[in-house]
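Note that the structure is a prediction, hence the values are computed from the model and not measured. This chain uses plain numbering: 1 for the first residue, then up along the sequence.
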Amino acid sequence: CAEKQAIEALQVLGLEGEFDAVYGADFMGDVCKPERAAFEAVCARAKIDPHGTAFFEDSLKNLVTAKEMGFTTVLVSGKTAAEESGQNGGFTPDATISAVNLKEL
């Protein structure tokens with residue numbers, strides 16, 4: 001999703017201001033998840049090392065590349081994850097949560 005929608009979701013969840021930045025489709029432009037170039041662009045812009053970064057996602061297919069790069073992967077259960085169940089090729093995220101709120105983080 002675009003940054004605006006992600007920020008709106010964080011506001012609804014009471015998590016606005018808990019993250020240094022939010023990156024989405026607007027920032028990534030011509031590349032998108034699960035392409036490695038999308039993750040590399042965010043890492044370069046944010047000056048982060050994937051090995052010290054958690055990546056929250058509701059789609060298993062987008063977590064695979066992140067895990068290969070060294071991110072800690074967190075699947076947010078929901079409609080997308082349910083639709084993709086059985087299509088993960090044996091991939092297991094580092095953690096699965098049912099919602100994103102400060103208590104679960």
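Partners of Ser59 according to the side chain to side chain donor-acceptor pair (under 3.5 Å) rule, which considers only residues two or more places apart in sequence or in another chain, are Glu84. With sequence neighbours left out, the side chain to side chain donor-acceptor pair (under 3.5 Å) criterion links Glu16 to Gln11.
The list of side-chain hydrogen bond (donor to acceptor under 3.5 Å, both in side chains) pairs with a residue in residues 24-35, not counting sequence neighbours, reads Lys33-Glu57.
From Arg45, atom CZ reaches atom OH of Tyr23 across 6.0 Å, with rounding to the nearest 0.5 Å. Atom CG of Leu60 is separated from atom NZ of Lys67 by 12.5 Å, given to the nearest 0.5 angstrom. A distance of 10.0 Å separates NE2 in His51 from OG1 in Thr53, rounded to the nearest 0.5 Å. Taken to the nearest 0.5 Å, the CZ atom of Phe55 stands 10.5 Å off from the CE atom of Met69. Once rounded to the nearest 0.5 Å, the distance linking CZ of Phe39 with CZ of Phe71 reads 6.5 Å.
Tested against Phe56 for a side chain to side chain contact (heavy atoms under 4.5 Å, CB included), the candidates Thr72, Leu75, Val74 yield a single pass: Val74.
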**Request:** Please test Thr96 against Ser77 for side-chain contact (heavy atoms from CB on, under 4.5 Å), starting from the C-alpha separation and ending with a verdict.
**Result:** CA-CA 7 Å; Thr96 300; Ser77 296; 3.3 Å; yes
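A donor-acceptor contact shorter than 3.5 Å links the side chain of Glu3 to the backbone of Gly24. A donor-acceptor contact shorter than 3.5 Å links the side chain of Thr73 to the backbone of Asp94.
Put simply, Leu13 and Val22 are part of the same group of oily side chains (I, L, V, M, F, W, Y) that touch within less than 4.5 Å, one to the next.
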